[in-house]
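A short write-up of the structure that comes next.
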Amino acid sequence: MSSLHPTGSTSTRSIAFVSLALALALVMAFVMAAWWAVDKIDTRELLNERQSIAAGLVARKNRIAQEQDSSAVGDDAVVNLRANNQPWIARNLADWMSQFFSHDRVYVLAPDDRVVRAAEAGEQIPSIIDLRDRAVVEPIIAKLREKLAVAANEGDASMAAPMGTGNTDTVRLPSNELAYVSVRPIVPSSGAVVQRPGEEFLVISVVALDGDVLGELGQQLGLPDLRIGGPGKGKGALPVVNNAGRTMGFAVWTPKKPALVLMQETAPATLGLLLVGGLSLFGFLMWLRRTMSALEKSQAQIEYLAFHDPLTGVANRALFDVRLRNALHYEYLAKAKVALVSIDLDTFKEINDSLGHGAGDELIKQVAKRLSSRLPEGATLTRLGGDEFAVVQPGVVSEGHARFLCQTLLDTFHDPFLLAGEYVRVTASMGLALESGEAVSSTEIMRRADVALYAVKAAGRDGFRCYEQSMDQSRRDKRTLEIDLRNALVTNSGLHLLYQPIFDAVSSAIVGAEALVRWEHPTRGNLTPDLFISVAEEQGVIERLGLWVLNEACRFAANSALPWVAVNVSPLQFNNAHFAQSVLDVLRAQNLPPHRLQIEITEGLLLQNSPVVRASLESLRANGIAIALDDFGTGYSSIGYLRNHSIDKLKIDRSFTQLIGRDKATETIVQSVVEMAEALGMTVTAEGVEDDLQRHTLVKLGCATLQGYLLSRPIAGERLEDLLASDLAGASMRKQPALR
Ligand code: C2E
Ligand code: CA
Ligand code: CA
């Protein structure tokens with residue numbers, strides 16, 4: 001059996017986990033991407049900052065010489081210096097320059113390097129080169145003098161040579177400060193003043209980087225803490241090199257990192273958004289999962305319903321057809337056979353009628369469960385409808401194998417079923433068809449299994465049989481017989497009744513007779529009811545036949561001296577709720593008083609426990625028709641239903657009678673049946689009395705009436721009338737029955 005059940009909640013839990021992980025991963029990815037972008041932007045910004053600082057420093061360094069030249073080039077500068085005009089020097093050179101251009105210190109040197117004037121922050125300072133500066137300044141001065149000398153030696157004595165010559169470098173002062181030092185010669189601006197090589201006055205500016213230079217630059221660039229210092233983590237650093245390329249120190253600052261700042265400022269809002277986004281994503285994924293699993297579930301449900309019987313959960317006809325066709329096709333290729341078992345419960349209708357539909361459903365469910373539990377690998381069980389099941393098993397190699405399968409399935413019915421609080425024995429009939437796919441279609445194999453099932457039913461149910469070709473023949477025969485029977489009823493030819501008299505056990509007088517149908521078949525000769533009643537029942541002719549018998553028996557009784565006539569009625573006739581009415585109609589039509597008719601029913605009818613049957617029986621009795629229970633002792637023989645249904649008469653079955661005089665236990669049973677019947681107000685007839693021992697014993701046991709070959713075989717109506725006449729005449733011919 002296939003199961004299409006949807007998967008459980010573990011996958012839902014793992015999907016929840018995956019959704020959460022996915023949402024988290026997305027948030028993480030976003031944060032990482034943002035971080036990467038911030039880092040990229042800020043690194044570029046740091047490079048910008050370095051370049052700007054570098055450019056700013058170079059510009060500042062270059063500007064020093066220009067600033068110096070604004071005063072150092074001019075005829076009056078040379079004249080006033082030669083004249084050592086200190087006030088002029090202060091106003092136009094040293095003091096002024098230190099103040100106006102913010103050169104930290106300005107020195108004016110005579111051609112012999114004597115300091116003419118020194119100034120700091122617009123004020124004159126003692127006129128020696130400051131100790132702070134001497135060590136680093138002197139080499140620069142020396143280098144400039146050398147340059148001037150070289151220019152002079154090359155023969156260029158013009159003013160142009162010293163003009164524009166200067167020496168600027170980056171130094172570390174003895175005070176450990178970094179500073180630019182710029183030395184320029186003071187040159188006349190025209191030919192009016194002559195200055196020979198070696199006669200140059202010099203102006204020297206010392207500009208410390210820390211303080212004004214970096215402070216101003218930092219302010220311009222928005223880097224307020226730009227200064228000279230040691231490089232450190234998280235800081236921007238730019239090496240400051242001298243003209244020789246030696247690193248003299250570092251300009252350091254705190255980088256602006258605008259992206260990081262921006263991110264920090266917007267972080268709470270962004271995180272909030274991300275959280276909301278992540279949660280929404282998670283929620284969306286969960287909703288998607290729920291919707292999808294609901295969809296999957298309903299899809300699976302629809303598929304399941306499309307291919308399974310809702311009551312039992314086993315495969316339905318559609319799925320079974322597919323499996324059967326596949327099996328036939330596959331086994332055709334594999335050269336093995338397919339076994340098909342058609343299963344039908346024997347007493348389903350009775351259980352449904354007596355215990356209710358709930359119990360009927362319960363029985364079907366239990367049967368399906370039991371059959372499923374014993375199903376071999378690869379086999380499929382289906383419920384075809386009602387109480388009909390079928391099993392298909394591919395890959396069957398022998399008939400023994402298939403028979404074993406049937407026996408296994410049949411064994412599941414061994415234990416009683418618990419239905420509506422009662423233990424009920426249920427039997428089943430099974431038909432087996434074992435075919436190869438090459439030989440038959442799926443419809444044909446189904447038909448064959450049904451034919452075999454039918455044969456089991458006809459043979460008394462509760463068993464299994466394998467399909468044989470001859471079964472088809474017997475079915476065809478039955479169909480022919482049915483047609484012939486219908487024909488006989490329509491033409492009213494061939495059918496007739498015999499009457500078997502029933503005698504008073506003590507006086508041996510005929511008290512009544514049982515009508516027994518016979519059929520003079522056009523080709524098959526005289527047929528006993530055993531050969532055609534069951535066919536009439538199976539083929540739906542029994543109602544018409546029964547009505548014919550009833551009419552015939554009543555007509556005979558009405559026109560004879562027979563005290564009453566007993567007519568056998570098939571349980572199927574009671575399916576018609578109008579049965580009692582039709583009996584009354586016949587009585588009226590034939591003008592027979594109701595007390596002269598008895599109806600013989602069987603135990604099976606009472607077992608149905610159907611309200612329709614009960615109502616019909618009550619109606620018949622209420623109208624004066626006696627009810628006899630036929631074949632008593634062969635069925636369930638329960639006193640329960642005898643008490644529940646009002647019965648007038650018991651007919652002890654022939655199988656008991658045969659043991660009378662031979663088996664003490666049977667006699668005891670018969671005796672207790674007689675006593676029970678008496679207690680319930682019923683009379684007892686013994687059927688099948690064949691010898692005197694039986695007859696004497698039965699009389700002794702208290703049976704009121706007797707029926708059997710010893711007393712009379714079933715005879716034609718005219719013979720019975722003769723018998724009745726002689727009976728009336730007082731003859732004791734039944735002691736020497738001539739009709740044996
Ligand atoms: P049944 O109702 O039990 O009828 C008694 C059967 O036992 C008759 O067989 C009768 O011939 C046979 N019989 C009577 N005495 C003896 C005896 O001493 N020894 C033996 N061995 N047999 C004896 P028959 O007539 O062949 O009927 C067979 C069954 O067919 C009947 O059994 C009854 O169930 C059914 N049947 C007969 N006529 C009708 C009918 O008109 N309608 C229906 N529905 N069933 C009928
Ligand atoms: Ca009978
Ligand atoms: Ca009988």
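Counting starts at 1 for both ligands and their atoms, in listed order.
Near E687, the atoms of ligand 1 lying under 4.0 angstrom from a non-hydrogen atom of the residue are 3 (O). Within ligand 1, counting atoms from 1 as listed, the ones closer than 4.0 Å to a heavy atom of V689 are 18 (O). Here is the list of ligand 1 atoms found below 4.0 Å of a heavy atom in G688: 16 (C), 17 (C), 18 (O). Atoms of ligand 1 found under 4.0 Å from any heavy atom of E690 (numbered from 1 in listed order, with element): 17 (C), 18 (O), 19 (N), 20 (C), 21 (N). Listed by atom number, the atoms of ligand 1 under 4.0 Å from G708 heavy atoms are 15 (N), 18 (O). Taking every non-hydrogen atom of V549 and a distance limit under 4.0 Å, the qualifying atoms of ligand 1 come out as 41 (O). Of all atoms in ligand 1, listed by their number and element, those nearer than 4.0 Å to a heavy atom of S570 are 44 (N). Under a 4.0 Å criterion applied to the non-hydrogen atoms of D631, ligand 1 contributes the atoms 3 (O).
Taking distance alone, with nitrogen or oxygen atoms compared against 3.5 Å, Y709 approaches ligand 1 more closely than that limit. Distances between N or O atoms of Q500 and those of ligand 1 include at least one value under 3.5 Å. The shortest N/O to N/O separation between Q573 and ligand 1 does not fall below 3.5 Å. Any N or O atom pair closer than 3.5 Å counts here, and P714 shares no such pair with ligand 1.
With F532 as the aromatic partner, R524 does not meet the cation-pi criteria of under 6.0 angstrom to the ring centre and within 45 degrees of the ring axis. Cation-pi geometry between R317 and F320 is not met at under 6.0 angstrom from the ring centre and within 45 degrees of the axis.
Using modelled atom types and a 3.5 Å distance limit, the side chains of T602 and D631 yield no donor-acceptor pair. If you check the side chains of S429 and D344, you find no donor sitting under 3.5 Å from an acceptor. There is no side-chain donor-acceptor pair under 3.5 Å between R662 and T697. If you check the side chains of E362 and Q366, you find a donor sitting under 3.5 Å from an acceptor.
Side-chain contact between V341 and F389 is absent, with no heavy-atom pair separated by less than 4.5 Å.
Under a 4.0 Å heavy-atom criterion, K651 is not in contact with ligand 1. Assignment of E514 to the shell around ligand 1 is supported, since a heavy atom sits closer than 4.0 Å.
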